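Report on the following structure.
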Amino acid sequence: MREHLYLFDTTLRDGQQTQGVQFSLSEKQQIARALDALGVDYIEGGWPGANPTDSDFFRDRPQTRATFTAFGMTKRAGRSAENDDVLAAVLDAETPAVCLVGKTHDFHVTTALGITLSENVENIRASVAHVVTKGREALFDAEHFFDGYKANPDYALDCLKAAFGAGARWIVLCDTNGGTLPEEVGTITRAVIAAGIPGDRLGIHCHDDTGNAVANSLAAVLAGARQVQGTLNGLGERCGNANLTTLIPTLMLKAPFRDTLDTGVSDAALAGLVKTSRMLDDILNRVPLRSAPYVGASAFAHKAGLHASAIVKDPTTYEHIDPALVGNERLIPMSNQAGQSNLRARLAAAGIEVAPNDPRLALILDKIKTREDEGYAYDGAQASFELLARRELGLCPEFFEVKRYRVTVERRKNKYDRMVSLSEAVVVVKIDGHKMLSVSESMDEAGTDRGPVNALYKALAKDLGPYQACIDDMKLVDFKVRITQGGTEAVTRVIIDSEDGQGRRWSTVGVSPNIVDASFEALLDAIQWKLIRDQGAA
């Protein structure tokens, strides 16, 4: 029988310590629901009383299957647990579980807190006992534990035993500075268990300052810990926390974890991991990390011709799991390194079957290599590659034709006597013999100028006649610019990432000496690809 491994998510608390991250109330509620749907066992919502948003969130938190947890610290020296207002605010959140952080490194106790070692141990004991008396499940985060154990193992263990003896359900070993390595984590975790803290009462909380947070967490699990703490997409202070979007699939799909342990995440929830990861990036207005394990857009991308040839024969030759298990997909990028194996595999993925000896394959490869010499990059713009291939194969319908466009940029003073810029775009398209003119400007609802490319997109997407409904759910999620040549002959390459209401993401590329023209080319490709997907290529 497999043991249960408990997943403790701290995205809403530790993840919010990330530089530049500040969740709103509605965003915290959305993330909490997504975490509950994913199947984590604990959701740490924040620190009640630490800021207005966290306090509001605990008053209006969603109902979850996962055990909702409030975070706080052990009582301060010189007062009882019953009379500590900070601890009281945490308990007043009325969550079923409470996680208290306390110091276990003697250096921090005497230097940072300025109290005696015995006072600190008593603070831990009394605080945990008070939480238990209130009928809550108590967790103790042993701050700086690994550094503390290496400096003074007896004292660090005394702190753990004080919390454990007071009734803590979980004792969580924290690598707060993120400097411990996997072998050390495994050795020390086993020593803690040997000292009397059972593994099924032991958790691990790692930071990624050496890039080992996931490896350290796995080392602790192998040593016997049965709770893992982490955050979605590895959010967290400095270099982040252990990344649950990496840990969860590893625990579920890799031996020995999959054979001996069980998590609360179902196979169906695991298949939605990419969507969950991207939901968080969308909330943060961040571009998803393409190279992220399991969930990144490049996690199953095979660029080399030799690799792609093998992938066509058997995907396991270069893939450690089936991408669909985590909701991802295989990608065969196109570039000037590509061969016919890449090309046919990529065409097949787009639903285009071409015979191996079709002479048009060589023409497509030649076209790709020529255009990449001009500055195009198709390995990062799969939708534009597909359109190029379709045009060569005679399989690309032209839904509309752009007859002309114009963009103006004006710099002027506003009513507050501040200099502002404003862009305006005019686009004329021809559909079924009829010309339509659309005008749009770049000012958003908040009165901020979003630039000429934004004005162009708004004008182009304003009226596409019979195709308008297809693009209403389309949005641009990233815009990348690179100068591919220097000096007066500089060529600009623009790559645009788009997304629609069905969760599809695609990338397009445009190249021109003029950044606006390059952007417009990428925009046209983005809309064309979307229309082919929704209208068909007939």
Side-chain angles (χ1 to χ4, degrees), residues 8-17 22-25 28-29 32 41-64 66-105 108-109 112-145 158-172 174 176 201 203 205 227 229 237:
F8 185 107
D9 182 274
T10 181
T11 303
L12 298 176
R13 200 273 302 175
D14 233 9
Q16 194 166 252
Q17 306 305 314
Q22 184 61 52
F23 298 123
S24 68
L25 173 60
K28 295 192 78 158
Q29 292 169 333
D41 298 285
Y42 293 84
I43 298 173
E44 189 174 58
W47 189 329
N51 60 71
T53 301
D54 278 8
S55 298
D56 291 345
F57 177 60
F58 281 101
R59 281 193 294 269
D60 195 20
R61 61 182 172 87
Q63 295 301 308
T64 59
T67 302
F68 227 88
T69 309
F71 179 84
M73 66 181 185
T74 55
K75 78 172 187 71
R76 290 163 289 179
R79 66 189 69 193
S80 66
E82 292 78 7
N83 292 319
D84 190 293
D85 56 332
V86 177
L87 183 55
V90 176
L91 289 166
D92 287 346
E94 298 184 345
T95 55
V98 172
C99 182
L100 297 181
V101 62
K103 297 191 182 300
T104 57
H105 186 178
H108 284 267
V109 173
L113 295 182
I115 61 176
T116 67
L117 299 184
S118 58
E119 281 181 305
N120 182 60
V121 172
E122 172 57 21
N123 289 346
I124 294 170
R125 185 207 63 77
S127 300
V128 172
H130 182 58
V131 170
V132 173
T133 300
K134 293 294 184 180
R136 314 294 175 80
E137 180 179 336
L139 298 89
F140 175 63
D141 266 8
E143 189 179 26
H144 297 287
F145 176 75
D158 284 346
C159 294
L160 301 189
K161 291 175 181 177
F164 184 69
R169 167 65 182 90
W170 291 104
I171 305 296
V172 183
C174 300
T176 309
R201 305 284 291 276
H205 177 112
Q227 185 198 96
Q229 297 197 357
E237 194 171 23

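Predicted, not measured: the structure shown is a model, and the values here were computed from it.
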Legend entry - Check: Thr176 side chain, His144 main-chain N or O, donor-acceptor pair, under 3.5 Å: yes
Inset, instruction - Mind listing the closest non-hydrogen atom pair of Leu160 and Phe140 along with its distance? - result: CD2-CE2, 4.3 Å
Inset, instruction - Give a yes or no answer on whether the side chain of Lys161 reaches the backbone of Gly165 with a donor-acceptor pair at less than 3.5 Å. - result: no
Legend entry - Student check: side-chain heavy atoms of Phe58 and Thr95 closer than 4.5 Å: yes
Legend entry - Side chain proximity check, Gln227 to Leu139, heavy atoms < 4.5 angstrom: yes
Legend entry - Atom of Ala168, atom of Val128 and distance for their closest heavy-atom approach: N-CG1, 3.7 Å
Legend entry - Expected output: side-chain Ser55 to main-chain Gly49 donor-acceptor under 3.5 Å: yes
Inset, instruction - Indicate yes or no for a side-chain donor-acceptor contact from Asp84 to the backbone of Val86 under 3.5 Å, with no hydrogens or angles considered. - result: yes
Legend entry - Side chain proximity check, Gln16 to Asp54, heavy atoms < 4.5 angstrom: yes
Legend entry - Leu91 side chain near His130 side chain, heavy-atom distance below 4.5 Å: yes
Inset, instruction - Answer yes or no: is there a side-chain heavy-atom contact under 4.5 Å between Leu87 and Leu100? - result: yes
Inset, instruction - For residues Glu94 and Arg136, determine if any side-chain heavy atom of one lies less than 4.5 Å from a side-chain heavy atom of the other. - result: yes
Inset, instruction - List the atom of Glu119, the atom of Ala77, and the distance in Å for their closest heavy-atom pair. - result: OE2-CB, 4.5 Å
Inset, instruction - Search all heavy atoms of Ile124 against all heavy atoms of Ala163 and return the closest pair with its distance. - result: CG2-CB, 3.8 Å
Legend entry - Shortest non-hydrogen contact between Thr104 and Glu143, atoms and distance: OG1-O, 2.8 Å
Legend entry - Side-chain donor or acceptor of Ser127 paired with backbone N/O of Lys75 under 3.5 Å: yes
Inset, instruction - Determine the sole option in Asp85, Asn123, Asn83 for which the side-chain hydrogen bond (donor to acceptor under 3.5 Å, both in side chains) test with Arg76 is passed. - result: Asp85
Inset, instruction - Run the numbers on Thr10 and Phe71 for side chain to side chain contact (heavy atoms under 4.5 Å, CB included), then give the verdict. - result: CA-CA 10 Å; Thr10 181; Phe71 179 84; over 6 Å; no
Legend entry - Verdict with supporting geometry, Phe8 and Trp170, side chain to side chain contact (heavy atoms under 4.5 Å, CB included): CA-CA 11 Å; Phe8 185 107; Trp170 291 104; over 6 Å; no
Inset, instruction - Find out whether Cys159 and Asn120 are in side-chain contact, i.e. whether some heavy atom of one side chain is under 4.5 Å from a heavy atom of the other. - result: yes
Legend entry - Inter-residue atom distance Thr64.OG1 - Asp41.CG, 0.5 Å rounding: 11.0 Å
Legend entry - Ring centre gap for Phe68 and Phe57 strictly below 6.0 Å: yes
Inset, instruction - Determine yes or no for a side-chain-to-main-chain donor-acceptor pair under 3.5 angstrom, with Thr69 supplying the side chain and Val98 the backbone. - result: no
Legend entry - Check: Gln229 side chain, Cys174 main-chain N or O, donor-acceptor pair, under 3.5 Å: no
Inset, instruction - Please round to the nearest 0.5 Å and tell me the distance separating atom NE2 of His108 and atom NZ of Lys103. - result: 6.0 Å
Legend entry - Side-chain donor or acceptor of Arg201 paired with backbone N/O of Arg169 under 3.5 Å: yes
Legend entry - Shortest non-hydrogen separation from Val90 to Gly72 and the atoms involved: CG2-CA, 3.7 Å
Inset, instruction - Using a strict cut-off of less than 4.0 Å between a Lys/Arg side-chain nitrogen and an Asp/Glu carboxylate oxygen, indicate whether Arg59 and Asp56 qualify as a salt bridge. - result: yes
Inset, instruction - State, with a plain yes or no, whether a side-chain heavy atom of Val109 is found less than 4.5 Å away from one of Ile115. - result: yes
Legend entry - Gln22 CD to Asn51 CG distance, which is reported to the nearest 0.5 Å: 6.0 Å
